[in-house]
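All remarks here apply to the structure that follows.
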Protein chains: 2
Amino acid sequence: MSRATLRDVAKLAGVSVATASKALNGQPQVRAQTRERVVRAAEQLSFSPNTLAQGLITQRSGTVGLLTSDLEGRFSIPILMGAEDAFGSDQTSVFLCDARGDAIREKHHLRALLSRRVDGLIVVGARPDTRLSLGELPVPVVYAYAPSDDPADLSLVTDNVGGGRLAIDHLIRCGRRRIAHITGDPGYSAAQDRARGAVERLAEDGLGLAGGEVWFGMWSEAWGRGATRMLLERTPEVDAIFAGSDEIARGVLDVLHEERIEVPSRVAVIGFDNWSVLAGNSRPPLTTIDLNLEHLGRIAAQRLSAAMDGEPAAGVETFPVRLITRESTAPLR
Amino acid sequence: MSRATLRDVAKLAGVSVATASKALNGQPQVRAQTRERVVRAAEQLSFSPNTLAQGLITQRSGTVGLLTSDLEGRFSIPILMGAEDAFGSDQTSVFLCDARGDAIREKHHLRALLSRRVDGLIVVGARPDTRLSLGELPVPVVYAYAPSDDPADLSLVTDNVGGGRLAIDHLIRCGRRRIAHITGDPGYSAAQDRARGAVERLAEDGLGLAGGEVWFGMWSEAWGRGATRMLLERTPEVDAIFAGSDEIARGVLDVLHEERIEVPSRVAVIGFDNWSVLAGNSRPPLTTIDLNLEHLGRIAAQRLSAAMDGEPAAGVETFPVRLITRESTAPLR
DNA sequence: CAGCGGGCCGAAAAGGTTTTCATAAACGTC
DNA sequence: GACGTTTATGAAAACCTTTTCGGCCCGCTG
C-alpha cells in the first residue's frame with residue numbers, strides 16, 4: 001500500500017487537482033460525470049486525504065488533547081471513553097497524555113499538544129479536588145472531574161454532596177434510622193462533600209449519624225473492616241452503613257458477614273462509585289452511587305466543541321449522580 | 001496568547017525564515033550571535049513550531065495510533081501507559097482509539113488514523129486470543145496482548161503457559177502436593193494456556209491436579225466461590241488452590257474464610273493478574289502472577305520505533321510474567 | 001449576430017516549515 | 001592584488017490540500 005496524493009488522483013481522472021478536490025468534497029461546481037471519474041480514481045488508488053495538509057490551510061487540526069493525571073486510576077477512563085465517543089472518530093481524534101501527576105511532565109505535554117495545534121484541551125484530574133488552572137491558552141480548555149481554581153475556566157464536576165444525600169435518602173426510604181457513615185481520607189473534598197450531603201439529608205428527618213460522627217479514614221477495604229468492627233462495638237444497634245467508596249463497602253460487608261449479621265435484612269449497606277468489579281461481585285451485590293463519568297466525558301466533549309465554535313463558557317457545572325440498586329439494601333419489613 | 005509563525009520570528013530577529021529555521025534547529029551554519037538573536041525573538045513571541053507543517057515536509061507526523069478494543073478492560077491501560085511512556089512526549093504523541101470490540105468502528109478508526117498520517121500503529125486486543133490481522137498497511141504495526149493471526153505481523157504476548165508453571169512451581173516450593181486449579185471461561189486461550197502450564201509443571205514432580213481436573217467456569221468471584229465449595233466437598237484434603245484470576249481467587253478466599261480454613265497455613269492460594277485493588281486488599285493479601293503489561297507496552301513502542309526506522313520484525317514474541325509474593329502463600333511448616 | 005449569463009474547469013496562492021543551492025562576504029595565500 | 005576557500009545568509013522549491021478567481025464554452029435573449 002503506497003501513498004496516493006490528490007495529484008495522482010487528478011492525473012488518473014484527467015482533471016486538475018482543483019477539480020479533484022472539489023469533486024471529492026462534494027462542492028457543487030463540478031459535473032456529475034466528472035465527479036464520478038474522480039471518485040473512481042480515488043478509490044482505485046485508495047486515496048486518503050492528508051489531514052496534516054488540510055489542517056494547515058483550514059487552520060483546524062481536527063484533534064484535541066486529553067491531559068490526564070492518572071490513567072491507572074479508574075476515574076479518568078470512563079471520562080476519556082465518553083469524550084472519545086462524543087467526538088466522532090472521523091471528525092476529531094484525541095491525543096492522550098498522562099502526566100502521572102507531575103507538573104513538569106504536564107508542562108511538557110502541554111507544549112507538545114500546542115505545537116501539534118490541537119483545537120482544544122480536556123483536562124481530567126485524578127481526584128475531585130480543585131486543581132491549578134493551566135492559565136490563558138490559545139485554545140479552549142475544559143476541566144473535568146477536578147475543577148480549575150480559576151472561575152474564568154469551565155469546569156465539569158460530579159455532585160458529591162448530592163451523592164451523599166441520595167445515599168442517605170435511599171436508606172431512609174428503606175426505613176433505616178440508625179445510619180452510620182464510614183468513608184475515606186478526610187483530605188479529599190469528595191469525602192467531605194459526601195459526608196456533608198449525608199448529614200444534611202439526615203438532619204431533614206431529624207436524624208443524626210449513628211456512631212455519633214463521620215468515620216474518616218482511608219480509601220481501603222482494610223479501613224472498611226476496621227471501622228466496621230469499631231462501629232459495631234460502639235453502636236451495635238446500627239441498621240445501615242453508608243460507605244464512602246465501594247472498596248470501603250467491601251470491607252464493611254466482609255466484617256458483617258463474619259459477624260453473621262445479615263445484609264440487608266438487619267443492616268443495609270450502600271457504597272459509592274459503582275466500580276463494577278467490586279460492587280457487582282460482592283455478597284450480596286452492592287447498592288451504590290454511580291458518578292456518571294462517561295456522561296461527564298461526553299458533555300466535556302460537547303462543551304469543548306461549542307467553545308471551539310466560538311461559544312465559550314465559564315464557571316463550574318455540577319452533574320447529578322445516580323443510584324444503582326442491587327441487593328445490599330432493601331426495605332425493613 | 002496568539003500564534004507566532006517562523007516568519008514573525010525571522011522578521012523580529014532581522015533574518016530570513018531560512019536562517020531562523022536553522023538557528024532554532026541547531027544547524028551549524030549560523031553564527032552564534034545570529035542564533036542568539038533568533039532564539040530570543042522566538043522566546044519573546046513564545047513561538048512554537050507548527051508540527052503539522054513540519055510533518056508535511058519531513059513526511060513524518062511524529063504520531064502513532066493506539067487502537068484498543070476495550071478501554072474499560074484493565075489490560076489495555078497498563079500497556080497503553082507503557083507505550084505512552086516509551087515514546088518521549090516531545091518526540092511522539094499517541095492517538096487513542098477505542099473500537100469497543102466492533103470491527104466496523106475499528107475500520108473507521110483505522111481510516112482516520114491513516115489519514116492523519118500516523119507513523120505507526122499499536123493494536124491491543126481485549127483478550128489474549130488470536131485476532132484478525134489488519135493486513136498490509138502503509139505503516140508498521142505491532143500487536144500487543146492479542147497476537148495477529150498473520151505470522152508476517154509482529155505480535156507481543158505474555159507467557160500464560162509460563163505463568164501457570166510459575167504459579168505451580170511456587171506452590172510446590174511451599175511444600176504443597178495436593179494442588180487444585182480453578183479458572184475461568186475455557187473459551188479463552190489464557191485459561192487453556194495457564195492450565196496447561198500448571199499441569200506440565202505438576203507432572204514434572206509426578207503430581208496430578210487435586211480434584212482430578214481443571215475447574216473451568218467463569219471469570220468471576222461467584223464462580224470462585226462455587227467451585228471452591230464443590231472442591232472442598234470432593235477433595236477436602238486439598239492444600240493449595242491456583243486461581244486463574246484474582247477475581248476467582250477472591251471468591252476462593254471468601255469461601256475458605258467462611259469455612260474457617262486457614263490461609264495460608266492449611267490451604268495456600270495464588271491468583272493471577274495482580275489486579276492490585278483485588279489482590280492487595282484481600283484477606284490475606286494475595287500472592288499472584290503479574291503480567292508485566294506496562295513492560296509489554298514499552299517494548300511495543302520500541303519495536304514500533306525500530307520498524308519506523310526501517311528495521312521491521314515479524315512473528316510472536318512471548319514475554320515472561322512474574323511472581324508477586326504476598327501472604328496467601330507460605331511454606332508448610 | 002452580438003451580447004450575456006451560467007455552468008465547469010484550471011491556474012495560482014495560501015498555509016508554515018525545511019532544505020537545497022546560490023550568493024555574498026571575509027579571509028588567507030602566493 | 002588576484003584568486004581560492006571558508007563561512008554565513010537568503011531565495012526558492014517542496015510537502016499536500018483548499019479556495020478564489022479568471023477563463024472558456026455553451027445556449028439563450030434581444
Is Arg31(A) close enough to dC9(C) that one of its side-chain N or O atoms is under 4.0 Å from OP1 or OP2 there?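 Checking dC9(C) against Arg31(A), a side-chain N or O does come within under 4.0 Å of OP1 or OP2.
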Below 4.0 Å: OP1/OP2 of dT17(C) and any side-chain N or O of Ser21(B):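 False: Ser21(B) side-chain N/O out of range (4.0 Å or more) of dT17(C) OP1/OP2.
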Distance, rounded to the nearest Å, where [X] contributes [atom1] and [N] contributes [atom2]:
X	N	atom1	atom2	value
Leu6(A)	dA11(C)	CG	P	14 Å
Gln27(A)	dT18(D)	CD	P	9 Å
Lys11(B)	dG16(C)	NZ	P	12 Å
Asn25(B)	dG16(C)	CG	P	17 Å
Asn50(A)	dT18(D)	CG	C1'	13 Å
Gln59(A)	dT18(D)	CD	C1'	12 Å

Students often mix this up, so state it plainly: with edges at 30° and 60°, are the rings of Phe319(A) and His295(A) parallel, tilted or perpendicular?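 Ring orientation of Phe319(A) relative to His295(A): perpendicular.
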Check every atom of [options] against the side chain of [X] and return the nucleotide holding the closest atom.
X	options	answer
Thr5(A)	dT9(D), dG16(C), dC16(D)	dC16(D)
Ser16(A)	dT17(D), dT18(C), dG10(C)	dG10(C)
Ile57(A)	dC16(D), dT17(C), dT18(D)	dT18(D)
Ala18(A)	dA11(C), dT18(D), dG16(C)	dA11(C)
Ala53(A)	dT17(C), dT17(D), dC9(C)	dT17(D)
Gln54(A)	dG10(D), dC16(D), dT17(D)	dT17(D)

To the nearest 0.5 Å, what is the distance between OH (Tyr143(B)) and CD1 (Ile122(B))?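 Here the rounded value is 12.0 Å.
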Go nucleotide by nucleotide along DNA chain D from the 5' end; which of Gln29(B) and Val17(B) gets its closest nucleotide reached first?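 Counting from the 5' end, the first nearest nucleotide belongs to Gln29(B).
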Would you indicate what Thr34(A) reaches in the nucleic acid, counting non-hydrogen atoms under 4.0 angstrom: base, sugar-phosphate, or nothing?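 It contacts sugar-phosphate atoms only.
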